Amino acid sequence: MRVIQSLQAMQRQALKWRAERRTIGFVPTMGYLHEGHLSLVRRARRAVGPNGVVVVSIYVNPTQFGPQEDLARYPRDLPRDLQLCRGAGVDVVFTPSDEAMYPGRATGDYSTYVVEEQLSRGMEGASRPTHFRGVTTVVAKLFLLVQPHVAVFGEKDYQQAAIIRRMTRDLNFPLRIVVAPTCREADGLAMSSRNKYLTPEQRQQAVCLYRALCHAREIVRQAPHPVDAHQLRIKLRQEIEARPEARVDYIEFFDPDTLRPQARVMPGHRMALAVWVGTTRLIDNAAL
Ligand code: PAF
C-alpha cells in the first residue's frame with residue numbers, strides 16, 4: 001500500500017492507472033476509520049474487480065466545519081487508519097495537507113467553491129449553513145485528483161450522498177456514485193467517528209436515534225392513512241428528550257429522491273434526524 005501526500009503525485013498516479021485501463025474505486029473519508037468505512041472499502045473493491053485499484057482519502061476538511069464546530073477536536077489517528085487500510089487491501093491512501101488543498105486560505109486568499117443549491121437547503125444544510133459548500137468543494141477537488149470511475153459513500157449521510165450524486169450529474173463528472181448501507185452497533189447506533197466523544201452514559205442514551213427511526217417506521221406502516229408529520233415529530237421528540245442528555249435539533253420526513261419535506265408521511269418516505277447527546281451532535285436516517 002502506498003501513502004501519497006502530494007496532489008500532483010496523486011493525480012499523476014491516477015492518470016497512469018487510467019492509461020493502463022485500470023478501474024479506480026474511491027472512498028473519501030475524514031479518517032478515524034471504523035467498520036463503516038471498511039465496509040465502503042469492501043464495496044469499492046467489489047465495484048472495481050480484481051484488476052482495479054482502491055484509493056481511500058483521509059482528510060479532515062476544514063471548509064465543511066462551521067466556526068463553532070468540532071474541527072479542532074475531530075478525532076485523528078493516522079497510524080491506526082493506515083493499518084486498517086492495509087488490512088482491507090487498499091492500494092493508495094491519499095492524505096493531502098490543508099495548504100495544498102486550499103492554497104492561500106489561511107490568509108483569506110482562497111476563493112473558489114462548489115455549491116449545490118437545492119438539496120442542500122434543508123436538514124443538515126439548515127442547521128449547518130456552510131457545511132455542504134465545504135463538502136461539495138472538497139469532493140469535487142478529490143474527484144479531480146483521484147479520477148475515480150466509482151466513488152462510494154455511506155447512506156448514514158443520506159443528504160450528503162444525494163447532493164454528491166446531484167453535483168456529479170450537474171457538473172458531468174465521469175463516474176458512478178455508489179451508496180452503501182449504514183453500519184450499526186449491536187444496539188442499532190449508527191457507526192460514526194463522533195461516537196468517540198460520548199461518555200458511557202451518553203453512549204447508552206445515543207440509541208434513541210435508532211429507536212426513534214424504528215418507532216416512526218412502525219407507526220407509519222401500521223397506520224391506515226398517511227400520518228401527520230407534525231404530530232409524529234412531537235411524539236418522537238418527547239420520546240428522545242426523555243433521555244436526560246438528548247436534545248433534538250431536527251426531525252424531518254422527506255421524499256427519498258427530491259428530499260422535499262412531507263406533511264403527511266407514508267411508507268416509502270424517509271426520516272432523518274439530528275440529536276445532540278451532551279455536546280455531541282449525532283445524525284441518522286432510514287426508510288419508513
Ligand atoms: O462523509 C465524510 O466523511 C465527509 O463529508 C467527506 C465526504 C469525506 C468529505 O470531507
Side-chain angles (χ1 to χ4, degrees), residues 4 7 10 24-41 43-44 54-66 69-78 80-81 84-85 88 90 92-98 100-102 105 110 113-116 119-120 123-125 127-146 148 150-168 171 173 175-183 190-197 272 274 280-285:
I4 298 182
L7 274 54
M10 183 67 248
I24 305 172
F26 179 41
V27 181
T29 82
M30 298 210 298
Y32 210 72
L33 304 181
H34 49 67
E35 180 50 33
H37 296 111
L38 299 181
S39 74
L40 304 184
V41 171
R43 185 66 191 82
V54 174
V55 178
V56 170
S57 64
I58 297 181
Y59 179 58
V60 182
N61 171 38
T63 63
Q64 68 188 76
F65 289 79
E69 292 182 3
D70 57 342
L71 173 61
R73 70 171 187 138
Y74 195 83
R76 293 162 166 89
D77 189 345
L78 186 60
R80 184 175 157 278
D81 287 348
L84 288 171
C85 285
V90 171
V92 163
V93 175
F94 178 42
T95 59
S97 67
D98 285 344
M101 285 299 273
Y102 296 105
R105 184 169 175 267
Y110 181 89
Y113 293 88
V114 176
V115 181
E116 191 287 326
L119 306 178
S120 54
M123 298 189 279
E124 287 302 285
S127 290
R128 307 177 68 192
T130 57
H131 174 64
F132 285 125
R133 180 184 82 147
V135 172
T136 42
T137 300
V138 79
V139 171
K141 287 166 75 72
L142 290 168
F143 283 176
L144 292 168
L145 294 164
V146 176
V150 51
V152 186
F153 293 84
E155 195 173 53
K156 173 175 168 284
D157 296 297
Y158 189 89
Q159 188 180 12
Q160 167 174 283
I163 290 167
I164 287 166
R165 231 190 246 291
R166 177 67 64 90
M167 176 190 81
T168 302
L171 298 186
F173 283 104
L175 66 113
R176 185 161 66 91
I177 301 295
V178 170
V179 181
T182 303
C183 280
M191 289 188 190
S192 161
S193 305
R194 288 189 168 100
N195 292 350
K196 174 188 159 56
Y197 298 147
T280 304
R281 187 172 177 281
L282 301 175
I283 62 172
D284 203 346
N285 70 88

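No experiment lies behind these values; they were computed from the predicted model shown. Ligands are counted one by one from 1 in listed order, and the atoms in each one are counted from 1 as well.
- Nearest heavy atoms, Arg281 versus Ser127: NH2-CB, 3.5 Å.
- Under the side chain to side chain donor-acceptor pair (under 3.5 Å) criterion, Ser120 pairs with Glu116, not counting sequence neighbours.
- The side chain to side chain donor-acceptor pair (under 3.5 Å) test applied to Asn61 returns Thr63, Gln64, Tyr102, not counting sequence neighbours.
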In sequence, state the C-alpha distance, the side-chain angles, and the governing distance for Lys156 and Ile283, and then conclude on side chain to side chain contact (heavy atoms under 4.5 Å, CB included).
-> CA-CA 8 Å; Lys156 173 175 168 284; Ile283 62 172; 3.8 Å; yes
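- For Asp70, the side chain to side chain donor-acceptor pair (under 3.5 Å) partners two or more places apart in sequence, or in a different chain, are Arg194, Tyr197.
- Across every non-hydrogen atom of Arg133 and Tyr113, the tightest pair is NH1-CD1, 3.6 Å.
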Report each N/O pair between ligand 1 and the protein that falls under 3.5 Å, naming both atoms.
| unit_1 | atom_1 | unit_2 | atom_2 | d |
| --- | --- | --- | --- | --- |
| ligand 1 | 1 (O) | Gln160 | NE2 | 2.8 |
| ligand 1 | 5 (O) | Gln64 | NE2 | 3.0 |
| ligand 1 | 5 (O) | Gln160 | OE1 | 2.8 |
| ligand 1 | 10 (O) | Gln64 | OE1 | 2.6 |

